[in-house]
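As the structure is a prediction and not an experimental result, all values here were calculated from the model. Chain A is the first sequence line, chain B the second, and so forth, proteins listed ahead of strands; every chain is numbered from 1.
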Amino acid sequence: MEFGLTDDQQLFQQTTRKFLEDTCPLDTVRKIAEEQPEGFDRTWWRRGAELGWVSMLVAEGHGGGSVSGDGLSDLALVAEEAGRLVAPGPLIPTNVVAAALSRSGMPEHVGYLADLVGGEIVAAWCPPEFSVGSGVARRPEGGVRATAQGSRGGGFVLDGTTVPVEAGAQADLLLVTARTADGLAQFVVPSGAVGLSAQPTESIDLVRRFATLRFDGVEVAADSVVGEPGRADDDVQRQLHDAVVLQCFEMVGAVDRVFSFTIEYAEDRYSFGRPLVSYQALKHRFADMKMWLEASHATAGAAARAVDSGSPVADELVSVAKSYIGDHGPFILQECVQLHGGIGVTWDHDLHLYLRRVVQDRTQFGTPRDHRDRIAAGMDIGHE
Amino acid sequence: MSEGTVMDDGVDPDELEAFRLRARTWLAETMPRLPEGRDNWQLAQDDEMAVRARQLQGLLFEGGYAGICYPAEYGGQGLTRAHQRAFTQESMGYQMPTTFNVPTLTILAPTILDFGTEEQKLRHLPAILKGEELWVQFLSEPNGGSDLAGLVTTATRDGDVFALNGSKIWSSGAFRADYCLCLARTDSSVPKHQGLTMFILKIHQPGIEVQRIKMINGTAEFCQEFFDDVLIPASDALGGINDGWTVASRLLFHERDAVGGGSPYSSGLGMGNASRGGQRSELEDLARSTGQSADPVVRQLLAEARVNDRVQNQLVDRVAQGIRTGALPGPAGSLTRLYAATNSERRFDIGLEIAGQAGGAWVEGDLAGSASMAWLSRQSNSLGGGSNEMQRNIISERVLGMPREFAADRDQPFDQVRHNRSPQRQS
């Protein structure tokens, strides 16, 4: 949890926590995983949206508005609560896309915002395949390619396939990043576009649904371009900041929750007539975990504040947070599995729900290694 | 208690900026620049720098920049952490008296501020801030490190004076210091924590012998002292007679704060600051000078070191805020202390890795040599200020509330407690 939250932020956090605990405890999450092909309930998502889940990064003039004025720090509180209960729902992609459309402010696109903020529709975010360092596709032949159609002012034709993206088959709206002859461009594409198909993929998280999106000669109008065609790199970086900060908070929320119930377990569990927490060998491991956990809270919070305030080091601090939490979060969780003993590796125990969510977050939007590459690229030691 | 008097919030940004600009001008006009490629920590390793540090501290005092977070009535500036941070940032590239930071300004003077009589505070704090008194701590003893309260140096009372006998060890720079805080046993008939007293002690006087200890990297900063009927006036007790454990606990709190990088009383970048975040580091210099800047493995290691440093600063801020607001208990300072130590272990390992073959045999002046020599002392930060193992005890017991370790001497009169079987002196 963040220290020094305002009263309004605390209320916002508590409201979301109570809503999630009431409507989506872990056995409900398991049920959704087994019975709900979409991975979340649309009515439930609208109720979450009423609490402000898609408002924080959207300008007031577009129907949004934040709690404290620092929208990403506010929304991060929701992400942290979502992590605590491995909540379903496309929180990160929907917010990243809503924020991008609100920031670009193009009249052709702000029309979507009312429905996004209201929870009527959800979105998928299709960034370029990371290597995140340069913002371009790692495999030059991969990803989506946009070809200008006809003369200047005409539309574009999209071809190619994305990597698996969250809610790819459920989203009503896509923000697609594509390479053009002039550089990266982003397009708003409705899910019903002719020539667009979603192919569901496997994913390690129980309730998150992923799909690759195939663009087969999809024709889009000129006004579907977000920003300036060929100049989307900065926009993509900014979207990446939002996405990574949110997933960092989600990981921290999950790890914090698991750490707490693992301590409770070790207090209640007796071996050789003593509680597990009385053994120094275990106490020292808990002490290390507490240190990594507090450090994870610290770096996630610092990244959110840096992005909110437009700090010149925001880009580095986002990668610092992702690489630190992406490394330590999964490690702490596996330590907690070990401290639970055999029960920790069973299907019925909740631990694996958290393992799945955190390792999923670790892999998306740049792994710790990718983010260390970004950090090295910003150092005064020359480039690769 | 002193951290409560150091404000952080509600600083007027315009006032802070004006302070920063004044400091910038004053530093440029007054303080000598650092020699190219050296930092204050390297300079502090030279014996003659202690003399220099006193002069530099005197310059700070005359300029009104000494003891920025100390109360004005004891010679400080009565300003905030934000002012201190701004001054430290502006002081980059200048010679600073960082020898004074640990333990004088960050550990011992704050303890005097907490427990000293008005007379004691007026006698020592202004003198410290003027650069006239360098202090060290006489706590650890040869017979035991982590079990501090089990110490066996005695101070036996005779009227208004105590006679000190025994030995202390691991005092850093005692040979060049003026005063110390010395913890001694004043009553052996009660359990160990209840029979201790903290004394203010002048180091260079009859009955005290100071020996320097040569360390594995060749330096001889640490000392051992031997006491032979050293007379201490009862009025030099800091805090109550037989209440020395209360004072020592507070001192150790300041020590964790200082070593973890959270002390508001540290000025300038030296040991004990998580200072490198965002700055070019010696690891990056090493990579560049050995032509490995483009090596993907080296780049990963450099970035990892950068991440660890950035997160250290962020953790310091979070823990300080947590303790200030009551969200974390005071012993949470051990989190930053443990982080700083484990981070420095990793950092030395990364240095050795990047140094490669040249870390074993190098041409004089190669940065690779510095990296492997630094690695030799890898465990120093994990031992000083309470070992990592003690920090893990503190975190698990006093932050997480887990059961205390079994202590065979708990509640036993100290003179009935079993001690080491081997001879205790290792001189």
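Taken to the nearest 0.5 Å, the OG atom of B:S281 stands 6.5 Å off from the CE atom of A:M379. Here the CG-CH2 distance, from B:L338 to A:W292, works out to 9.0 Å after rounding to the nearest 0.5 Å. A distance of 9.5 Å separates CG of B:L315 from OG of A:S296, quoted to the nearest 0.5 Å.
Heavy atoms from other residues, nucleotides or ligands lying under 6.0 Å from CD of B:E353 number 12 at most.
Scanning residues 259-280 of chain A against chain B with a 4.5 Å non-hydrogen threshold yields A:F259, A:I263, A:V277, A:S278, A:Q280, sorted by number.
Proximity to chain B is limited to the side chain of A:L317, based on heavy atoms less than 4.5 angstrom apart.
What you find for A:A295 and B:V311 is that their closest heavy atoms are CB-CG1, 3.6 Å. Looking at every heavy atom in both residues, A:V320 comes nearest to B:V307 through O-CG1, 3.8 Å. Here the closest heavy-atom approach between residue A:A287 and residue B:R392 is recorded as CB-O, 3.6 Å. Contact record, A:G4 with B:Q321: CA-NE2, 4.0 Å, taken as the closest heavy-atom pair.
Using a 4.5 Å heavy-atom threshold, the side chains of B:Q391 and A:M291 count as separate. Within the 4.5 Å cutoff, no side-chain heavy atoms of A:F286 are placed close to those of B:I395. Side-chain contact between B:R318 and A:T299 is absent, with no heavy atoms from C-beta onward closer than 4.5 Å. Put simply, the side chain of A:K283 does not reach to within 4.5 Å of the side chain of B:L400, judged on heavy atoms. Inter-residue side-chain proximity for B:R310 and A:E316 is flagged as met; some heavy-atom pair is nearer than 4.5 Å.
For residues 318-330 of chain A, every residue pair satisfying the salt bridge (charged side-chain N to carboxylate O under 4.0 Å, His left out) rule, not counting sequence neighbours, is listed here: A:D327-A:R362, A:D327-A:R372.
Contact tally against chain A (heavy-atom pairs below 4.5 Å) for B:L328, B:V399, B:L301: the top residue is B:L328. Interface remark: of the candidates B:E397, B:Q314, B:R404, B:E389, B:Q314 forms the most heavy-atom pairs closer than 4.5 Å to chain A. When the candidates B:S334, B:A287, B:G322, B:P403 are compared by the number of heavy-atom contacts under 4.5 Å with chain A, B:P403 comes out ahead. Of the listed residues B:L302, B:V298, B:I394, the one with more heavy-atom pairs under 4.5 angstrom with chain A than any other is B:L302.
Looking only at distances, a side-chain donor or acceptor of B:Q300 sits under 3.5 Å from a matching main-chain atom of A:R369.
Checking A:H284 against B:N393 by side-chain atom types alone, a donor-acceptor pair falls below 3.5 Å.
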